[in-house]
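Inspection log for the structure reproduced underneath, given as structure tokens.
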Amino acid sequence: MTIQACRRTPPARRVCRAFAVVLLISTIHWAALAQNKAAPQTQIVLLGTGTPLPDPERSGPCTAIVVNGTPYLVDVGTGVVRRAAAARNKGIKALEPTNLKIAFITHLHSDHTLGLADVMLTPWIMGRHEPLEVYGPAGTPAMADHLVKAYETDIKARTEGLEHSNTTGFRTNVHEIKPGTIYKDANVKVTAFPVSHGQLEAFGYRFETPDRTIVISGDTTPSPALLENCRGCDVLIHEVYTAASFDLVSPEWQEYRRTYHTSSKELADLATKAKPGLLILYHRANPGCDQARTDECRQAGSEEQLLKEMREAYKGKVVAGHDLDVY
Ligand SMILES: [Zn+2]
Ligand SMILES: [Zn+2]
């Protein structure tokens, strides 16, 4: 219909007006869709899914939440900066090592913190000027101070020698945390909640970003606080061990597992209540079997066994996380 035809009679004018309204609504709709497409997308990059076991395929625990080009690390296990560089090489530009500026530590077990010196020093040597912001339990400030002291020869050589490294980027600003909202910026709100991990002070973290809510367990037995923080969350990243391997270890190791970690059955029960959109299994621990090193024990703690046990007991979407997986 032409503009002249639209003007000719009242019914034609009504049809044209209706047509114009439909056109306007659809234009607004598509503009909204286009804007939505450009909206920030949160990526979860599994930098390390391992445990203390020196498994070449699984670095020490470290998860990167990437929002609008900013990476937020949870835990800093062995190999963290090299895994970040590997993720960068796979196309996650935000994980350029000099861009690692903030880390949240769940607890001070060595498998979760062996990479702290790495993430303090390596990005600095590569040119980072900003001190590393670190959030963690009591004891974290002392750990960071001791690491600066431990590396004083290196720091002195690099700042006073021909490397001409800057005098700020190796430093840390450490924030000792308590449960509650511990961090907020334009990308994320981070809530720490207490979890139960033997005698250690330990936290889980809930990340709220513009498009996702992500909960990370750290190391813990089944935690009521985690359940409350995850109800209806988009992604739950949780530690776990297999029931089959539990049956093979000594009563002492069984007692240890009950006091520090979560079995497949316990996690299935918890996730059934929490209903995450996706459950990612990480930190597949096998204490007792790791020390026994028998084939039977290894098999009983394998990823295949874990997925079998989880799928028998849990009907939601569940995957086993691998280093450098992106969700
Ligand atoms: Zn651990
Ligand atoms: Zn631990």
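When a residue number appears, it is its place in the shown sequence, counting from 1. We count ligands from 1, going down the list as the structure has it; atoms in each ligand are counted the same way.
Neighbouring protein atoms of the Zn ion (ligand 2) (N, O or S, distance under 2.8 Å, waters ignored): H107 NE2, H109 ND1, H197 NE2, D219 OD2.
No more than 12 heavy atoms of other residues, nucleotides or ligands sit less than 6.0 Å from atom CD of Q299.
Judged purely by distance below 3.5 Å, without hydrogens or angles, the side chains of T242 and S245 pair a donor atom with an acceptor atom.
Proximity of a side-chain donor or acceptor of N99 to a complementary backbone N or O of A94 within less than 3.5 Å is detected.
You'll find the ring centres of Y241 and H283 outside the 6.0 Å limit. Note: F203 and F104 fail the aromatic proximity criterion, with ring centroids not under 6.0 Å apart.
Considering only residues two or more places apart in sequence or on other chains, E228 meets the side chain to side chain contact (heavy atoms under 4.5 Å, CB included) condition with R231.
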